[in-house]
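Structure first, then comments.
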Amino acid sequence: MMLFYFQRLIEIYPFFLKGLWMTVAVSGISLVFGTIFGLVLGILRASGNKFFVAIIGVYVAVIRGTPFVVQIFIVFFILPEWGIQLDAFPAAIISLTILATAFICEIVAGGIKAVPNGQWEAAASSGLNIFQQLRYVIVPQSLQTILPPLVGQYVLLIKDSSVVSVIGVVELTRVGWVTVNRIPEGLMVFSLVGVLYFAISYPLIRLSNRLEKKMATQQVML
Amino acid sequence: MIKFKGVNKWFGKLHVLRDIDLHVSPGEVVVVCGPSGSGKSTLIRCINRLEKFQKGELFVDGTPLHDHSTNLTKLRAEIGFVFQQFHLYPHMTALQNVALAPINVRKMKRADAEALAHEKLARVGLADKADAHPTQLSGGQQQRVAIARGLAMSPKIMLFDEPTSALDPEMIGEVLDVMVKLASEGMTMCVVTHEMGFARQVAHRVIFMDEGSLVETGKPHDFFANPQTDRAAQFISKILTH
């Protein structure tokens with residue numbers, strides 16, 4: 001029987017590939033947006049401007065202090081209240097982006113604050129404007145601190161993307177649920193799901209470790 | 001060139017600058033000295049508005065710094081600042097450190113800016129260190145790169161905040177030599193330093209500060225030989241006997 005199910009599973013592998021692709025798409029798009037917004041909010045948070053620091057602080061606290069599944073439901077169900085019909089896919093992207101932005105902004109703010117104040121002063125003294133100070137002097141130096149945890153955060157967010165299955169996005173986890181109804185070998189099905197997640201995450205974990213080592217040696221050089 | 005009129009500054013309750021009145025003419029070299037905590041660093045950091053002040057007027061090259069609408073970026077491009085701790089950009093070579101502002105602020109072509117940077121590095125005696133990163137340079141060499149970085153913007157004023165205080169004794173000379181040369185070429189300079197040899201040799205005026213006030217000002221020879229106030233006399237006897 002087990003062999004039979006295994007063969008069935010092999011037969012429907014395109015379904016899994018679709019799920020895998022959907023997971024990559026949902027998390028990939030959200031991570032791109034989350035990184036861009038996280039960078040901007042992280043810089044504002046590190047700027048010390050009281051207004052931005054307070055607002056962003058509240059945002060980060062709310063997102064970190066509530067379960068992701070609840071956030072998804074709120075995004076998915078609140079917009080129709082205002083007359084905006086949202087498909088599961090964009091709702092998933094929006095909620096994952098909101099989540100990613102909160103965590104990435106914390107990482108970025110930490111990296112920016114780790115750059116000594118003298119670097120800001122030197123860059124400002126030479127006549128660079130605030131954007132040039134950030135682009136040429138501050139951000140390149142903070143990347144050392146930012147990159148390893150950032151890639152680590154990507155891994156966490158890719159795994160968190162499994163939660164968007166609750167609103168019906170047919171990504172890897174959802175594919176597992178659907179399949180298990182037809183092939184009642186839960187262990188086999190979800191092992192395959194797990195292996196596919198691992199196939200995406202593991203290269204990133206390796207990358208994060210390598211960055212950490214590389215940055216550590218650079219730090220010694222500085 | 002630089003004109004302080006009744007400038008006051010507080011850090012919270014601490015009154016760090018008290019009624020500062022000071023004029024610095026073009027081409028003048030002014031040495032600011034005084035015990036630590038006397039406000040001398042704060043004073044020169046006001047000149048390019050690294051520090052804000054709460055009361056009084058300050059004009060630099062005709063630009064009012066007490067006016068909040070002043071374009072600080074534009075002003076700072078005309079003033080070189082040399083820090084005690086150098087603050088070179090650690091992720092760039094010496095050449096890139098010097099060329100960065102000319103490329104981005106003066107909008108020079110990269111090749112021109114690099115030629116300029118080579119010229120300025122040669123001027124501070126570091127022609128052969130263009131491709132070195134700051135970590136590969138000694139303290140004295142780093143400080144000279146920092147001076148070259150300031151000079152690359154062809155500033156009207158150069159400010160030095162204890163430029164030799166973080167250096168090993170054997171490296172102080174090489175930095176002072178560069179500064180002496182600069183002074184002899186007619187650069188307007190304000191230098192916070194305890195290097196009294198430098199003050200004697202090139203300063204047109206020595207300013208003595210204590211507890212946020214400008215206590216005494218005079219020609220170096222008069223100031224050292226014949227201080228007018230007890231506090232200045234005490235200070236001079238302390239630094240000269242060491």
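Below, read A as the first sequence line, B as the second, and so on, with proteins coming before strands; counting in each chain starts at 1.
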| said: For A/K50, I'd like to know if atom NZ has over 12 heavy atoms of other residues, nucleotides or ligands within 6.0 Å. | reply: no
Shortest non-hydrogen pair, A/A122 vs B/R149, comes out as CB-NH2, 3.6 Å
Rounding to 0.5 Å, atoms CD (A/Q133) and CG (B/N104) come to a distance of 11.5 Å
Over 12 non-hydrogen atoms of neighbours within 6.0 angstrom of OH in A/Y13
no
For A/Q119 and B/L88 the tightest heavy-atom approach is NE2-O, 2.9 Å
Task: Minimum side-chain heavy-atom gap B/L50-A/S125 below 4.5 Å - done: yes
ask   = Below 4.5 Å, heavy atoms only, C-beta onward: do B/R76 and A/S126 meet side chain to side chain?
value = no
* Within the distance-only criterion (no hydrogens, no angle test), does the side chain of B/H91 pair as donor or acceptor with the backbone N or O of A/Y136 below 3.5 angstrom? -> yes
CG (A/N129) and CG (B/N71) are apart, to the nearest 0.5 Å, by 9.5 Å
Honestly, the part of B/R106 sitting under 4.5 Å from a heavy atom of chain A is neither
With a cut-off of 6.0 Å (strictly less than), are more than 12 heavy atoms of other residues, nucleotides or ligands near CZ of B/F11?
yes
*Heavy-atom count around B/E185 CD within 6.0 Å, excluding the residue itself: above 12?*
yes
message: Does A/F33, at its CZ atom, have more than 12 non-hydrogen atoms belonging to other residues, nucleotides or ligands within less than 6.0 Å?
response: no
| said: Looking at B/W10, I want to see if its CH2 is surrounded by more than 12 non-hydrogen atoms of other residues, nucleotides or ligands under 6.0 Å. | reply: yes
**Prompt:** Can B/L100 and A/L128 be said to form a side chain to side chain contact (heavy atoms under 4.5 Å, CB included), step by step?
**Reply:** CA-CA 9 Å; B/L100 182 71; A/L128 297 174; 3.6 Å; yes
Taking every heavy atom of B/F83 against every heavy atom of A/E121, the minimum-distance pair comes out as CE2-OE1, 3.5 Å
